[in-house]
Amino acid sequence: MRFTVAIDGPAAAGKGTISRAVAERFGLAHLDTGLLYRATGRRVMAGEDPVAAARALRPADLEADGLRSPEVAQAASRIAALPAVRAALVAFQRDFARREGGAVLDGRDIGTVICPRAEVKLFVTARADIRARRRFDELCAGGYEGAYEQVLADVEARDMRDRERADAPLRPARDAVAIDTSELDIEAAVARAVAEVDAALGRRGTPGTD
Ligand code: CDP
Ligand code: CDP
């Protein structure tokens, strides 16, 4: 079965949480494409050329320590504006999306650029202050000692850069279903996503029959 779920949205909206839950529920593989940009950004922070770093990425890079730090996130969003970096990462993402058994990919441009024909497209959002609070809580649980205001400023700067870049900007695909998680807990947000996947599977027949 080839079946792709594309989940896009701004920072800390709940994309990863929803993607993991959907992948588990439907037995799909999951790729957090933000890790590709974070891993590239991390190599650039260590002195590598951005395009060379993106081309040289290996699976082990996606497991490196520190990828979730705010500094790496900022570096990721800077190199993510470079068309040659994005181009170097396309094939890996498309191959992953087409794998037998189906896949969930989450990021910024999955429904618009990477998988424009995905069976399910979700655009997950939440108010910036709520997203920053969630990310702040998450970072604090990992030992972060910065201020909430700094996390909010980081999230907003990154969102602006992601929305305003010329190549593959953050925006909902025309056929994406919007899920605003501002007032939804994780269970409710996941239920909305699961309902969309169920509906799409229903439209195409029972999984595994083609
Ligand atoms: O992947 P993305 O950056 O969009 O967000 P995430 O890592 O899935 O979620 C960021 C944080 O928000 C996590 O700590 C989630 O547990 C939390 N979250 C939440 O509190 N309520 C939701 N409806 C979704 C996520
Ligand atoms: O988890 P969070 O939503 O905060 O960030 P992420 O998904 O790990 O993405 C980090 C950065 O990578 C984003 O701010 C984007 O600049 C970039 N990115 C992108 O340009 N395209 C993607 N498909 C995924 C991430």
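Residues: numbered from 1 along the sequence shown. For ligands, and for the atoms within them, numbers begin at 1 and follow the listed sequence.
Looking only at protein heavy atoms, the nearest one to atom 9 (O) of ligand 1 is Thr17 OG1, 3.6 Å. At the top of the distance list for atom 24 (C) of ligand 2, counting protein heavy atoms only, stands Thr33 OG1, 3.4 Å. Atom 18 (N) of ligand 2 has as its closest protein heavy atom Tyr37 CD1, 3.6 Å. For atom 8 (O) of ligand 2, the closest non-hydrogen atom of the protein is Arg38 NE, 2.5 Å. The protein non-hydrogen atom at the shortest distance from atom 10 (C) of ligand 2 is Arg158 NH1, 3.6 Å. Protein heavy atom closest to atom 19 (C) of ligand 1, with residue, atom name and distance, is Arg134 NE, 3.3 Å. Protein heavy atom at the shortest distance from atom 23 (N) of ligand 1 is Leu184 O, 3.0 Å. Protein heavy atom nearest atom 1 (O) of ligand 1, with residue, atom name and distance: Gly16 N, 2.7 Å. The closest protein non-hydrogen atom to atom 14 (O) of ligand 2 is Asp162 OD2, 2.7 Å. Distance from atom 16 (O) of ligand 1 to its nearest protein heavy atom, with residue and atom name: Ile186 CD1, 3.3 Å. Nearest protein neighbour of atom 5 (O) of ligand 1, counting heavy atoms only, is Gly14 N, 3.1 Å.
Considering Arg161, Arg38, Arg158 as possible partners of Ser77, the one that fulfils the side-chain hydrogen bond (donor to acceptor under 3.5 Å, both in side chains) test is Arg161. With Arg131 as reference, Asp159 is the one residue of Asp180, Asp159, Asp154 to meet the salt bridge (Lys or Arg N to Asp or Glu O under 4.0 Å) rule.
By the rule that hydrophobic residues join a cluster once side-chain heavy atoms approach within less than 4.5 Å of another member, Leu67 and Leu89 end up as members of one cluster. One hydrophobic cluster, built from ILVMFWY side chains closer than 4.5 Å, holds both Val44 and Val85. Leu57 and Ile114 fall within the same hydrophobic cluster, defined by Ile, Leu, Val, Met, Phe, Trp and Tyr side-chain heavy atoms under 4.5 Å apart, directly or through other members. If you chain together hydrophobic residues whose side chains sit under 4.5 Å apart, Leu28 and Val124 fall into the same group.
Residue Ala80 approaches ligand 2 through these ligand atoms, each under 4.0 Å from one of its heavy atoms: 16 (O), 17 (C), 20 (O). Here is the list of ligand 2 atoms found below 4.0 Å of a heavy atom in Ser77: 14 (O), 16 (O). Below 4.0 Å from some heavy atom of Asp185 lie the following atoms of ligand 1, by number and element: 23 (N). Within ligand 1, counting atoms from 1 as listed, the ones closer than 4.0 Å to a heavy atom of Thr181 are 23 (N). Within ligand 2, counting atoms from 1 as listed, the ones closer than 4.0 Å to a heavy atom of Arg135 are 1 (O), 2 (P), 4 (O). Distances below 4.0 Å separate heavy atoms of Gly34 from the following atoms of ligand 2: 6 (P), 7 (O), 8 (O), 9 (O), 24 (C), 25 (C).
The shortest side-chain heavy-atom distance between Arg108 and Tyr37 does not fall under the 4.5 Å cut-off. Residues Ile18 and Arg192 have side chains not in contact (no heavy-atom distance under 4.5 Å, counting atoms from C-beta outward). The shortest distance between side-chain heavy atoms of Asp8 and Pro172 does not fall below 4.5 Å. With contacts defined as side-chain heavy-atom distances shorter than 4.5 Å, the pair Arg68/Leu35 qualifies. Using a 4.5 Å heavy-atom cutoff, the side chains of Asp32 and Lys15 are not in contact. The shortest distance between side-chain heavy atoms of Asp129 and Tyr148 falls below 4.5 Å. The shortest side-chain heavy-atom distance between Val104 and Phe26 does not fall under the 4.5 Å cut-off.
Considering backbone and side-chain atoms alike, Gln93 places every N or O at 3.5 Å or more from each N or O of ligand 2. The shortest N or O to N or O distance between Asp32 and ligand 2 is not below 3.5 Å. In terms of N/O distances under 3.5 Å, ligand 1 is approached by Ala13.
Looking at Arg165 against ligand 2, only its side chain comes within 4.0 Å, counting heavy atoms. Only backbone heavy atoms of Ala12 (N, CA, C or O) come within less than 4.0 Å of ligand 2; its side chain stays farther off. Contacts between Lys15 and ligand 1 below 4.0 angstrom, taking non-hydrogen atoms only, involve backbone and side chain alike.
Annotation: Glu24, atom CD; neighbour count of heavy atoms from other residues, nucleotides and ligands within 6.0 Å does not exceed 12.
For the pair Arg86 and ligand 2, a heavy-atom separation below 4.0 Å is found. Using a 4.0 Å cutoff on heavy atoms, Arg161 does not count as a contact of ligand 2.
Of the candidates Arg68, Glu138, Arg20, the one placing a heavy atom closest to atom 7 (O) of ligand 1 is Glu138. Here the shortest heavy-atom distance to atom 22 (C) of ligand 2, taken over Arg131, Arg163, Arg108, belongs to Arg108.
A side-chain donor from one of Arg134 and Thr181 sits under 3.5 Å from a side-chain acceptor of the other.
Using a 4.0 Å cut-off between charged side-chain N and carboxylate O, Arg86 and Asp109 make a salt bridge.
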